[in-house]
**Q** 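Please see the structure below; I have some questions.
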Amino acid sequence: MISNNIQLSIGSMSCAGCVASVERTLQSVPGVKSAVVNFAEHTAQVSGNVAPQALIDAVVAAGYEAAELHGTEDEAAEKEAAELTYYRALKKKTLVAGVVGAPLALMSLFGAMPMLEGSGRIFWAIVAVVSLFVLVYSGGRFFTGAWKAFKGHNANMDTLIALGTGTAWLFSTLILIWPGMVPEEARHLYFEAAVIIIALINLGAALEMRARGKTSEAIKRLIGLQVKTARVVRDGKEIDIPIEQVGLNETLRVRPGEKIAVDGVIIDGHSNVDESMISGEPLPVEKRTGDEVVGGTLNKSGSFLFTATRIGKDTALARIIEMVRQAQNSKPSIGRMADKISAVFVPIVLLVAVVTFMVWFNFGPEPKSAYVLLTTMTVLIIACPCALGLATPISIMVGVGKAAEYGVLIRNGEALQRAGQITTVVLDKTGTVTKGRPAVTHLIPVGKWNEAKLLAVAASIETGSEHPLAEAIVTAADQRDLTLSSAEGFEAIAGHGVQAKIDGRAVLFGNRKLMDDHSIELGGLPAEAARLAANGETPMFLAVDGAAAGIVAVADPIKVDSKAAIARLHKLGIKVVMLTGDNAVTAAAVAKRVGIDEVIAEVQPADKSAKVAALQANGEVVGMVGDGINDAPALARADVGFAIGSGTDVAIESADVTLMRGSLHGVADAIGISKATVRNIKQNLFGAFIYNSLGIPIAAGILFPLFGVLLNPIVAGGAMAMSSLTVVTNANRLRWFKPEGSK
Amino acid sequence: MMSFIVNLLAVALMGFIVWWFWLSRAKVQQVKGSEAIEIIVKDGVYSPANIEIGQGEHVTLNFLRRDPSPCAEKVVFSELGITLDLPLGERQTLVLEPLTPGEYRFSCQMQMYRGSLIVS
């Protein structure tokens, strides 16, 4: 996107000399007219016809940091204000047309209209002038639009409305001036119809506008999370400034109960932060020095200082908003047919109107001219291509927003459509079904040993180890505040375990083979170990001075909600497959505990994509859920790739769907929302097709030969005005959709 | 006789509709590669609606929406998979990489506002 005026925050400017360097860099970017750097505020004001990203790239290449300073909330507020102004204008136009049209329509309904003779003609002449005023004031835009479109060899809704109402007014005026041009029984005037149709169409547009506003509520809610002011620490003082002025690397203070302004890293203090508004994670997350915090989230308890690392459009929240906005703008294949039809719709309706004219002119009963005018005008008025064109994008808008409410970011409309067709969900194990962080699950001491002593010795020997499971043991000891001893003569025995001297005692820690090699008597421990292994845990034996001390079991714990989420997928009729590089025993144990249907274990990361392809070759529509980094090829290969994020990590932009909560419930939510959205689109398309394909023939008078029925043009105008509104209202029903079993 | 003339006129009108909306081409504005072109969105149309550029040229399209109707709030380039939000009164720029020769249509979401980018 290119702008005329861009404000940048410039980081890493250490001296005033940098100012000239940055200014020169910015001025060298093609399209820049002027660039002024403010050293005190670390900002740059650039004007010209240039993309902000080009400026940022240039500044970064010159060795500085840069980010665009921007307030998305202002944009939303401006849009809302503009919509409100237009809504009020529409209301006024509706009112004027309604006040003029309603009494005339009532008089016509009760047969109270004067005859077209004597003083009656004066009455009608006044009506003609007043209705012309209404057509110009309330309906002028239809005539201007129709004329401009016509000049460009195009025809649109305005064409139909202008032709319909314009013909009615013109024909009525001609009869008023030369009554003799048509037989007496055909001297019906349609001024009130033209005016009421204009009133109804304006009313429909105003109501549609209101309803449309609601379709973007999800994104408005996200935008509303953005903070307006931030408390920065400048020259040792804490001052409140507008969020747009927060620069990169600035220090910010957050107090309890306040929202965090931008993304950053805590440098002092600790707290609990409620990230539910972004990640959907209901429990507050503990944050300490060095932890990342995210703009828009709520600080619950402590006060802390943090350094701004991402501002403006680079924050996680701004990127989420952008991603949702882009997805809402994309159109799935289901809407393509409707697009093709609506592109040629209006000229076809014009042809139908001429055919209607000819049929009534040649074969219609007397008074022909009255029938010809009535039917031709009604055909033009009833046709509504807008409902067709709106059917898909408006539902996608609400569906994508609904998914975002559940912490599910959908990349585009196509992914949303495809998710509902999934027949098999393939899950990676580590980090997807399990937490991805191994932890000590069981401590089984023997003899005089207790859990604390067992863990303390195991952690002491593992302190020097680089084994992935060692970290879990040391962390467990830390959490229990155990005192560790230093290990002497540490030696790792590949594939078996480790040995060292701790407090002068010989310690062995590893698998059964290690114990057997040193002839350690294990008693009943191997049976316990087998039970643990069958449960998906990794048991390790500890022996001290040649005697067994117990077992420390480590496992990657299963996420608490994995089982329930997989049960939801089963309820949706979806087969669940686990694809993992882990050994078959552990994989089978995990799969059994969470109810997975099929396990494909010991698969190298590079082969995962081929396994997904094999499932697709069997006719399955595959949804692959993985971490987005190691599983990227498999995610890309799948029909729908779900990247499971860690809280607010939206760096995973290669996947079709990002699950911000890190829970498998997001997969079921996405599928549920997809099915509901596609159902909604189909209802809209069906409604719009049926409306037009029944409405136009009825308006043309197809029922007249059988039942003597003709459609009143005012009724046609009302139906047309309501057809788009119905589509928008139906899409809005999705706002209350709740995926079955969702948390 | 009167009946014949009316029918003839009606048939001629149908012929005109087919010719005007399908067979004849609207005025095309030719643009040189380096030029940015401003497209005003007003009164239900894009002006200019039809733009011709040469092959291998970058295109810079500045959309300026003056039409408050919500129908005008997005412009969609279906073939290119691009949708641009058009805030009222705000110039939105789209820079396109050189395109292969052909016609790339753009429209509002409901296909009522329509235009085309012709790469010759």
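In what follows, chains carry the letters A, B, and so on, assigned in the order in which the sequence lines appear, proteins first and then strands, with residues in each chain numbered from 1. From a predicted model like this one, the values you see are computed outputs, not experimental measurements.
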**Q** How close do B:S3 and A:N362 get, counting heavy atoms only, and between which atoms?
**A** OG-OD1, 3.9 Å
**Q** Please enumerate all residues that pass ring pair (Phe, Tyr, Trp, His ring centres under 6.0 Å) together with B:W20, with sequence neighbours excluded.
**A** A:F150, A:H153, B:F16
**Q** Between chain B and each of A:L388, A:V346, A:L350, count heavy-atom pairs under 4.5 Å; write down the option with the most.
**A** A:L350
**Q** A:S342 and B:M112: which non-hydrogen atoms are nearest, and at how many Å?
**A** O-CE, 3.8 Å
**Q** Which answer fits A:R141, side chain, backbone, both or neither, if we ask what part of it has an atom under 4.5 Å from a heavy atom of chain B?
**A** neither
**Q** Taking every non-hydrogen pair under 4.5 Å, which of B:G81, B:S69, B:S107 racks up the most with chain A?
**A** B:S69
**Q** Under the criterion side-chain contact (heavy atoms from CB on, under 4.5 Å), I'd like the reasoning laid out for B:L88 against A:Y86: C-alpha separation, chi angles, the key distance, then a yes or no.
**A** CA-CA 11 Å; B:L88 191 62; A:Y86 187 58; over 6 Å; no
**Q** Applying ring pair (Phe, Tyr, Trp, His ring centres under 6.0 Å), name anything that partners B:F21, two or more places apart in sequence or on another chain.
**A** none
**Q** Using a cut-off of under 4.5 Å for heavy-atom pairs, which of A:N329, A:N156, A:V354 has the most such pairs with chain B?
**A** A:N329
**Q** Between A:N154, A:T85, A:L351, which residue shows the highest count of heavy-atom pairs closer than 4.5 Å to chain B?
**A** A:N154
**Q** Have a look at A:F357 and tell me which of B:V6, B:L9, B:N7 forms a side chain to side chain contact (heavy atoms under 4.5 Å, CB included) with it.
**A** B:V6
**Q** Report the option among B:G89, B:G44, B:A10, B:C108 that has the most heavy-atom pairs separated by less than 4.5 Å from atoms of chain A.
**A** B:A10
**Q** Do A:K151 and B:K27 come close enough that some side-chain heavy atom pair is under 4.5 Å?
**A** no
**Q** For the residue pair A:S330 and B:T83, establish whether any side-chain heavy-atom pair is separated by less than 4.5 Å.
**A** no
**Q** Between A:G152, A:A146, A:A391, A:C386, who has the most heavy-atom pairs with chain B when the cutoff is under 4.5 Å?
**A** A:C386
**Q** Among A:T392, A:L390, A:D339, A:N412, single out the residue with the greatest number of heavy-atom pairs under 4.5 Å to chain B.
**A** A:D339
**Q** Is it the side chain or the backbone of A:E83 that comes within 4.5 Å of chain B heavy atoms, both, or neither?
**A** side chain
**Q** Looking only at non-hydrogen atoms, find the nearest pair between A:P393 and B:Q109 and report the distance.
**A** CB-NE2, 3.3 Å
**Q** Could you name the residues of residues 97-105 of chain B that have a heavy atom within less than 4.5 Å of a heavy atom in chain A?
**A** none
**Q** Any idea which of A:A82, A:S724, A:A155 has the most non-hydrogen atom pairs under 4.5 angstrom with chain B?
**A** A:A155
**Q** For residues B:D85 and A:R325, determine if any side-chain heavy atom of one lies less than 4.5 Å from a side-chain heavy atom of the other.
**A** yes
**Q** Between the side chain of B:R114 and the main-chain N/O of A:A343, is any donor-acceptor distance below 3.5 Å?
**A** yes
**Q** What residues form a salt bridge (Lys or Arg N to Asp or Glu O under 4.0 Å) with A:K220, not counting sequence neighbours?
**A** A:E80
**Q** In terms of heavy-atom contacts, does NZ of A:K148 have more than 12 from other residues, nucleotides or ligands at under 6.0 Å?
**A** yes
**Q** So, do A:K340 and B:Q111 sit near enough that their side-chain heavy atoms are less than 4.5 Å apart?
**A** no
**Q** Pick one of side chain, backbone, both or neither for A:I348, based on which atoms fall under 4.5 Å of a heavy atom in chain B.
**A** both
